[in-house]
Amino acid sequence: MNQTITILGSTGSIGRQTLDVMENLGLSPLALAAGSNDKLMEEQIRKFRPKYAALADEKAALRLKAALGDTDTLITGGTQAVEEIAALPGDTTVCAMSGVAGLKPTLTAIETGHTIALANKETLVCGGDIVLSAAKKHGVDLLPVDSEHSAIFQSLLAGDRRDLKKIILTCSGGPFFGKDKAFLEKVTPADALRHPNWRMGPKITIDCATLMNKGLELIEAMHLFGVTADDIDIVIHRESIFHSFVEFADGAVIGEAAAPDMRLPIQYALTYPRRMTTNVTPLKLWEVGKLTFFPPDEEAFPALRLAKEAARAGGGVPVLLNGANEEAVALFLDGKIGFTDIPQGVAYVLETLDAKAPACFEDVAELDRQARKSLRSYFSL
Ligand code: NDP
Ligand code: MG
């Protein structure tokens, strides 16, 4: 394998695992970009020796530059520097920044003609139509990294797209599966950050606890696979062994199963259509023993219902959903609002604001700003 790879969000959970996968494949990144973690970025640069690196936080970039005077890596700082990293010539960009901040650099990487290994689901939730039309225009492939979407992508290879009947999106249920509203009202950030099956960044871990993550993934799947919200069923699968299924017209249900380890979908996006050996623990089904499936509880977890409503409404409504949710999750992690306030605040924003379909990145940014402002006003913040 010989590929030029750039990682946006290299210091995050997906970014770190991408470097692990690349090391296993004998690959080195051309360039790395992240937000503000200069300490970890320094370690990554010393180990992988990329030609270029950028941090969005300018002060952190200055510290990094000072610490790495003895290396050849060209270090830059600021949001524009992250954009420039995305615009470097190369084969593949791994889009692993968190939140809507990932949209602009992903668009830049598409315009540069890179294959996109896409982890950042907020990019498709907020800018799905814009991203897809840019990918079409520039003849660029979008390969899913999100484990469910990778499973759907792989399962679709078993049939003809014309015969696809349903997508069945699996959901672990998160740390509060089976709990009721009264319990959820008392949940703390520390409780919500304890995911049973996956180790991820804080924002997506909270989204998994509210089930908003599954709602965002439903919208992500609509864009990636050209289906409607009604073509997608969500099923709670506690063990996270099957990462999703597709159902064909004849009733055959095809899924992908593996140990819950993001290195597998990350690697598949980098080696597709090849499959190479990994460090992922092989799946021993007799050790798993039992696989369980349940319908989701939209009463206790209204975020899922809100996301479905936003998906059906379309236009700019998913941008409002995402912006309000990102802001609410940040406030929850900061101890300013409660766990059940997250969907309540998001519901308020969706009821209060109107949203036309965004035509460009700037439209998305404006809707996102309005959603965050409205969410904060709901909590008088
Ligand atoms: P993390 O919070 O662990 O990492 C986020 C990364 O993005 C960090 O490197 C961070 O840099 C960087 N970043 C944040 N803001 C900016 C910015 N403005 N400019 C440049 N870089 C920035 O998140 P995850 O790795 O968990 O998730 C990343 C994306 O992948 C999310 O969209 C998530 O939904 C998706 N995803 C994650 C999965 C997982 O298992 N973790 C599974 C499936 C999807 P720094 O830390 O240096 O500030
Ligand atoms: Mg997922």
Side-chain angles (χ1 to χ4, degrees), residues 6-20 31-45 53-61 63-64 76-86 94-106 108 116-126 144-153 169-172 174 193 195 197-208 211-221 224 234 237 240 242-244 256 260-266 269 322 325-326 329-330 333 365:
T6 290
I7 306 175
L8 305 177
S10 67
T11 55
S13 159
I14 294 288
R16 294 191 306 268
Q17 294 180 83
T18 303
L19 284 167
D20 191 34
L32 302 176
S36 60
N37 190 345
D38 55 303
K39 284 273 169 269
L40 180 56
M41 180 67 101
E42 181 184 342
E43 283 174 33
Q44 294 182 338
I45 291 173
L55 286 173
D57 182 316
E58 299 197 21
K59 284 193 184 131
R63 286 196 300 270
L64 183 65
T76 48
T79 317
Q80 187 55 35
V82 175
E83 291 286 309
E84 285 162 11
I85 290 281
V94 179
C95 296
M97 285 165 57
S98 54
V100 70
L103 172 58
K104 187 90 189 291
T106 301
T108 304
I116 304 294
L118 188 67
N120 180 253
K121 63 194 81 183
E122 295 89 346
T123 284
L124 284 183
V125 170
C126 298
V145 166
D146 210 348
S147 56
E148 294 78 1
H149 305 75
S150 177
I152 295 162
F153 181 85
L169 201 56
T170 57
C171 171
S172 74
L193 285 169
H195 193 280
N197 304 342
W198 301 95
R199 294 285 155 270
M200 306 172 287
K203 193 264 174 182
I204 181 174
T205 307
I206 302 303
D207 286 347
C208 286
L211 299 202
M212 182 60 91
N213 182 54
K214 214 44 57 179
L216 299 177
E217 289 186 352
L218 176 127
I219 302 173
E220 182 186 11
L224 279 172
I234 293 172
H237 168 41
S240 297
F242 271 97
H243 301 300
S244 281
E256 183 250 351
D261 188 324
M262 284 308 295
R263 289 175 301 174
L264 202 154
I266 292 169
N322 183 73
N325 181 59
E326 279 191 25
V329 169
L333 285 170

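We count ligands from 1, going down the list as the structure has it; atoms in each ligand are counted the same way. Sequence positions, counted from 1, serve as the residue numbers for this chain. What you are looking at is a predicted structure, and each value in this text was computed from that prediction instead of being measured.
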If you measure every N or O of P202 against every N or O of ligand 1, does any of those distances drop under 3.5 Å?
no
Under 3.5 Å between some N or O of ligand 1 and some N or O of I14?
yes
Would you name the N/O/S atom of D146 that lies closest to the Mg ion (ligand 2)?
OD1
Can you check whether G201 has an N/O within less than 3.5 Å of an N/O in ligand 1?
yes
Return the closest protein heavy atom for atom 18 (N) of ligand 1 as residue, atom name and distance.
A101 CB, 3.9 Å
Tell me the contacting part of A96 for ligand 1: side chain, backbone, both, or neither, using a 4.0 Å heavy-atom threshold, strictly below.
backbone
With a 4.0 Å cut-off on N to O distance, would you call K121 and E148 a salt bridge?
no
Can you find a protein heavy atom under 4.0 Å from atom 15 (N) of ligand 1?
no
Under-4.0 Å heavy-atom contact with ligand 1, by part of E122 that carries it:
side chain
Residues I219 and V125: closest non-hydrogen pair is CG2-CA, 4.0 Å
May I ask you to check whether R199 has an N/O atom sitting below 3.5 Å from an N/O atom of ligand 1?
no
With heavy atoms of G35 as the reference, note each atom of ligand 1 found under 4.0 Å away.
10 (C), 11 (O), 12 (C), 13 (N), 20 (C), 21 (N), 22 (C), 45 (P), 47 (O), 48 (O)
Using distance alone, determine whether Q17 and ligand 1 share an N or O pair under 3.5 Å.
no
For the CG atom of L169 and the NE2 atom of H149, what is their distance to the nearest 0.5 Å?
5.5 Å
How close do N322 and V100 get, counting heavy atoms only, and between which atoms?
ND2-CB, 3.9 Å
Taking the Mg ion (ligand 2) as the vertex, how big is the angle to OE1 in E148 and OE2 in E217, rounded to 10°?
100°
One should read off an interatomic distance between Q44 CD and D38 CG, to the nearest 0.5 angstrom, of 11.5 Å
Polar atom proximity, G12 to ligand 1 (N or O, under 3.5 Å)
yes
Do D57 side-chain atoms and A60 backbone N/O form a donor-acceptor pair below 3.5 Å?
yes
Out of all atoms in ligand 1, which are within 4.0 Å of some heavy atom of D146? Include the element for each.
43 (C), 44 (C)
Closest candidate by heavy atom, reference atom 19 (N) of ligand 1, pool R16, M97, K104:
M97
Does N37 approach ligand 1 within less than 4.0 angstrom via side chain, backbone, both or neither, non-hydrogen atoms only?
both
What atoms in ligand 1 come closer than 4.0 Å to a heavy atom of T11?
8 (C), 9 (O), 10 (C), 11 (O), 45 (P), 46 (O), 47 (O)
Would K203 and D207 satisfy salt bridge (Lys or Arg N to Asp or Glu O under 4.0 Å), going step by step from the backbone distance to the final call?
CA-CA 6 Å; K203 193 264 174 182; D207 286 347; 2.6 Å; yes
Taking the side chain from T205 and the backbone from G201, do they hold a donor-acceptor pair closer than 3.5 Å?
yes
Check whether any N or O atom of N120, backbone or side chain, sits under 3.5 Å from an N or O atom of ligand 1, and answer yes or no.
yes
Under-4.0 Å heavy-atom contact with ligand 1, by part of M262 that carries it
side chain
